[in-house]
Structures are given as structure tokens and as C-alpha cells.
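Data block below; observations after.
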Amino acid sequence: MSSIFGVLIVAFLAGVEGVVDEWEFHQPIVACTLVGLATGNLVSGIALGAALQLVTLGWMNIGTAVAPDPALAAVVAAWWVSGPAHLPSAAGVILAIPLALIGQGLTRGLRQLIIPLVAQADVAAAQGNLRRIEWVHWSSVVLQGLRVMIPTGLFMLLPATWLRQGYYAIPHVLRGGLRVSAGLLVVVSFAIVINMMATRQLWPFFFIGFALATDGHLSLVALGMIGVGLAILYIKLQSKDTPHNGGSGTLPDDEDELDRELDDL
Amino acid sequence: MENEPKLRTLTLSDQLLVFSHSGLEQAAWNYPRLQNLGFCYLMVPAIRRLYPEQEARILAAQRHLELFNTMPYMQSLITGVTLSLEEDHANGNGVSDNDIRALKVSMMGSLAGVADPVWWGTLRPILSAFAASLALSGFGIVGPLVFFIGWNVARLSFRWATQRWGYLQGLKVVTFLSSGVLQKLTLGASIVGMFVMGAIVPRWTRFKFAPIIASSQHANLSLQSMLDQLLPGLFPLILTLVCVWLLRHHVKPLWLLLGVFILGLGGYWLGLLW
């Protein structure tokens with residue numbers, strides 16, 4: 001019983017975070033771990049969280065766009081993997097995708113539904129009632145939490161035996177295919193992140209990173225150091241190429257100092 | 001002498017209250033005014049301090065309920081500058097409410113474009129991939145902890161430092177931003193981001209070609225070992241580049257997920273992927 005309440009609390013936190021994007025409770029590596037903790041199967045929760053994190057790391061809300069929602073996906077998939085259904089991690093990763101789309105739809109819907117509530121804030125402002133503005137905002141926080149908590153509660157009503165039977169009713173060939181697909185899905189996330197940053201001048205760094213990573217002796221930390229080193233070198237050389245009085249106005253003293261410091265190194 | 005108006009200033013605790021409010025900015029995200037209520041909400045402690053008169057209080061609240069949208073962490077810098085301008089406005093130091101409006105609008109667009117690649121494009125993917133790799137390679141709970149603590153220490157210190165700096169510097173921040181330092185920072189972060197993404201592609205795409213692709217009496221030919229001779233991770237690289245190309249041509253990520261899913265099922269069914 002306490003595990004169900006625990007999962008619902010995690011769902012609430014993840015729902016708020018899925019929109020405010022601050023503490024990152026909605027990222028699978030955090031959310032699935034917490035669900036694993038609540039259900040007493042920490043190990044499977046962490047394993048799913050790590051696998052799912054690689055699939056979702058490219059999902060980001062930029063500008064006014066709404067990305068698929070990792071919050072609902074992570075919490076419900078973790079309940080199915082580390083809860084009584086004990087589905088394998090790969091099944092959790094695959095099931096997370098439709099869940100994320102449901103979550104995305106709910107986020108979009110709430111952005112519309114919340115409009116009358118925001119209108120209440122206008123009324124409060126016209127009265128100079130600051131306390132009421134705060135209350136209106138806090139109630140929207142609660143709505144964001146419920147956005148994930150209520151669907152999670154509904155999904156938790158599905159009997160674990162149905163899920164298990166459903167999973168094992170899938171032909172063996174498909175189950176193996178699911179495992180392969182779960183491992184491949186990460187490339188879409190990688191592509192989203194790359195697409196966001198890639199410009200013509202940045203592609204060489206991508207291929208240098210790729211080539212170095214195929215040598216198994218270099219750890220991720222070592223690769224990170226090489227990346228930072230390359231970035232500093234590039235920016236330093238680039239600012240040397242452009243004349244100091246050209247471009248969009250004169251450069252401030254701070255930057256000259258930085259350049260001088262870098263020259264000294 | 002006693003009639004001299006008392007200078008209105010924001011105390012440190014007011015600023016801390018604004019800071020604690022700023023973490024909920026996006027909760028009332030709505031169309032078409034986006035983060036308007038969120039920004040007004042975080043200004044409430046400052047409005048309370050600066051405008052005891054009802055009239056001015058109403059105007060201030062309405063001023064901050066206008067459309068607002070930026071990258072949430074960069075909002076702290078805008079908040080800091082806005083706080084300093086509001087203080088001047090309250091003390092009648094030649095800052096009109098239109099100046100405050102104009103400042104918010106001019107800062108929100110440019111800062112969002114600079115900050116999105118740094119936080120969402122570089123820091124979160126790298127930190128979370130690193131944490132996931134720790135978790136998957138036997139360190140268990142250390143992985144999630146590294147991500148959670150690392151992210152929030154960076155976020156909270158950045159938020160507080162920029163809000164404080166914006167408040168102390170006021171409009172000087174705008175001149176500093178136009179000097180191009182931020183663009184350099186973004187370029188640097190994007191370089192690291194691209195480099196590490198390149199490194200992540202071959203390491204974290206988990207799949208293998210089926211061990212045996214053709215066998216004769218003399219030898220078994222393995223496609224995987226042949227490709228490993230050529231370039232390990234070649235298949236994930238090609239798949240990633242195809243996905244980037246499709247994204248550039250406005251194919252929705254959902255279709256890519258579906259396509260990759262079918263590719264995985266089909267590859268396994270044909271006995272190519274393992």
C-alpha cells in the first residue's frame with residue numbers, strides 16, 4: 001500500500017517538473033530510481049531509468065514547442081518494470097514511447113485549459129490582490145502535478161497479471177525484436193540533440209569525437225577534457241583571425257584580458 | 001528633514017524570496033501569454049516591498065502579467081535587472097514602466113537562444129548520459145545521484161549568481177551582453193556538445209549484428225567483426241546521420257521513433273540484428 005502512495009507522490013513531483021524543468025524529477029534516471037525505491041526494487045528501477053534516460057535525453061521544451069513528456073513515461077514504465085508486473089527493462093523502454101505521447105497531449109491540453117485560471121490572475125491584479133495571484137499560481141502547480149498523477153493512478157489499476165500475460169503472449173520473435181529496438185531507439189534522441197546544435201562549422205567536432213570514442217581506452221571524462229580543450233583552442237584561434245576593431249563594435253576589456261591570459265598559457 | 005521620503009530598497013530576504021519563487025516560473029505556462037503569470041508570481045515579493053500604495057501595486061502587477069517567455073534559467077538574469085529597474089521606478093529615478101517592459105522584451109528573446117544549447121543541448125545530455133553509464137556499469141545509485149546533485153548545484157548557483165549580478169549591475173548588463181561574450185560561450189558549449197555527442201553515438205547504441213552471416217566449410221564470416229575492422233560503430237553513425245537529415249527535412253521525431261522501432265523488429269526477424 002505504501003508503495004502505491006510512494007509512486008503517486010513521485011508521479012506528482014514528476015508532473016510538476018515535466019513543465020517547470022527545474023529539479024529534474026521527471027528525467028527517467030531520477031523518476032525511475034524513485035519509483036524503484038518506492039516499490040522496493042531499486043536495482044530494476046535504476047536499470048530502467050538509465051536505459052530510458054538515453055532514449056529521452058534529447059526531448060526538450062524549447063520556445064513554445066512541447067516535446068514528448070518523459071514524466072508520465074518514466075513513472076508508469078517504472079511501475080510496470082519494478083512493480084508487481086516485473087516486465088523486463090526493454091519492454092519498459094518500448095512502452096514508455098506511447099506513454100510519452102499521452103503525456104505530451106496532456107501537457108498541450110493543460111496549456112489551453114489553464115487559460116481561465118490565468119484570467120483569474122488578471123482579476124486579482126486589477127484588485128491589487130497579490131496574495132490571490134500567488135494562490136492562482138500555486139493551484140496551477142497542483143494542476144501540473146495532477147496532470148501526471150491521475151493518469152498514473154489509472155494505469156496502476158491495470159492488473160499486473162494482464163500485463164505479464166500480455167507480454168508473454170507476444171511471439172518469441174517479436175520479443176527479441178523489442179529488445180533490439182529498445183537498444184536502437186537512442187539514436188533518435190542523439191539526432192535531436194545534434195540537429196539542435198549542428199552548424200557547418202561544428203560538424204568536424206562531431207566526427208573527431210566519434211573517431212576518438214571508438215578507441216575503448218578513453219573514458220568519458222577523458223573525452224570531455226579533449227572536447228573542452230578543442231573548444232578553447234577553436235575560440236581562441238577564431239578571435240585571433242578577426243581583427244579587434246572589426247565585426248560588431250569594439251570588444252570589452254574583459255575579453256582582451258581573457259585573450260591575454262590564454263596567450264600566456 | 002523628517003519629511004524626506006524614505007528610500008525604497010529590496011532587502012536581501014526579498015531577493016531570496018524572489019529567488020525561491022523563480023523555480024516555479026513555468027507552472028502556469030499557457031497560450032497565448034506563455035510564462036506571464038509565472039513571471040508576475042516571482043515578482044510578487046518585490047512588488048509587495050516597493051509599492052505599498054494600491055494604485056502603483058495594481059500597475060506593477062499588471063505590468064508583469066504581460067506576455068513573457070524565455071529559457072527558465074536565464075530568466076534569473078532578466079529578473080535581477082528588472083528588480084533593479086523596479087527599485088529605480090519606485091523611487092522615481094527616471095525609469096518609466098515602458099522602460100521596464102522594453103527591457104524584458106529585448107532580453108527574453110536573445111537570452112533564450114543563447115541558453116537553450118548550453119543547458120538542454122549540452123549539459124543535460126552529457127551529464128545524464130554520464131550518469132546513465134555509471135548506473136549501467138555497476139555503480140547503481142551513484143549514477144542518479146551524480147545527475148541530480150550535479151544538475152541542481154549548477155542550476156541553483158547559476159540562478160542565484162545571475163539574479164544577484166543583474167540586480168547589482170542593472171542596465172550595465174545589457175551593454176555587457178551586446179559585447180558578444182555570451183555568443184562565444186554558446187559556441188564553446190556547442191563544440192563540447194557536438195564532440196561528446198559524437199563520442200556517445202558509438203558507445204551507447206546497444207546492438208549487434210548477428211554473429212554469423214555466411215558460413216562455408218572453411219570459415220564463418222561475421223558481419224560484425226568485418227564492420228569492426230572497418231570502423232566500429234559505423235552502423236549507429238549512419239543511422240544517426242540519417243535521423244539528423246530527416247529532422248532537417250521536418251520529419252517529426254515520432255515518425256523517426258516508429259521507423260527505428262520497425263527497423264529493430266525487422267532486423268531481428270530477418271536475423272541480421274542480434
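So that the names make sense, note that chain A is the first sequence line, chain B the second, and so on, each numbered from 1. For the numbers below, each heavy atom of this structure counts, side chains included, while hydrogens, waters and symmetry mates do not. Everything quoted here is computed from the prediction, not taken from an experiment.
Classification of Arg124(B) and Glu24(A) as a salt-bridged pair holds, one side-chain N sitting under 4.0 Å from a carboxylate O.
Of the listed residues Phe25(A), Trp138(A), Phe207(A), the one with more heavy-atom pairs under 4.5 angstrom with chain B than any other is Trp138(A).
In this structure, the portions of Trp269(B) lying under 4.5 Å from any heavy atom of chain A include both its backbone and its side chain. In this structure, chain A has heavy atoms under 4.5 Å from both the backbone and the side chain of Tyr31(B). Proximity to chain A (any heavy atom under 4.5 Å) is shown, for Leu145(B), by neither the backbone nor the side chain. Contact of Leu134(B) with chain A is not made at all, since no heavy-atom distance falls under 4.5 Å. For Ala112(B), no part sits under 4.5 Å from any heavy atom of chain A, backbone or side chain. For a residue to count as touching a neighbouring chain, one of its non-hydrogen atoms must lie under 4.5 Å from one of that chain's; by this rule Leu241(B) touches chain A with the side chain only. With a threshold of 4.5 angstrom between heavy atoms, Glu25(B) approaches chain A through N, CA, C or O but not through any side-chain atom. Looking at Asn69(B), the atoms closer than 4.5 Å to chain A (heavy atoms on both sides) all sit in the side chain, from C-beta outward. Proximity to chain A (any heavy atom under 4.5 Å) is shown, for Leu256(B), by both the backbone and the side chain.
Residues of residues 45-53 of chain B having a heavy atom under 4.5 Å from any heavy atom of chain A, listed by number: Ile47(B), Arg48(B). Of all residues spanning residues 117-124 of chain A, those with a heavy atom less than 4.5 Å away from chain B's heavy atoms are Val118(A), Ala121(A), Asp122(A), arranged by number.
In this structure the side chain of Val188(A) never reaches within 4.5 angstrom of the side chain of Thr240(B), judged on heavy atoms. Within the 4.5 Å cutoff, side-chain heavy atoms of Leu187(B) are placed close to those of Leu202(A).
Judged as a side chain to side chain donor-acceptor pair (under 3.5 Å), and not counting sequence neighbours, the contacts of Gln201(A) are Tyr234(A). Every residue two or more places apart in sequence or in another chain that forms a ring pair (Phe, Tyr, Trp, His ring centres under 6.0 Å) with Phe39(B) is listed here: His64(B), Phe68(B).
Side-chain atoms of His137(A) come within 3.5 Å of backbone N or O of Leu24(B) as a donor-acceptor pair.
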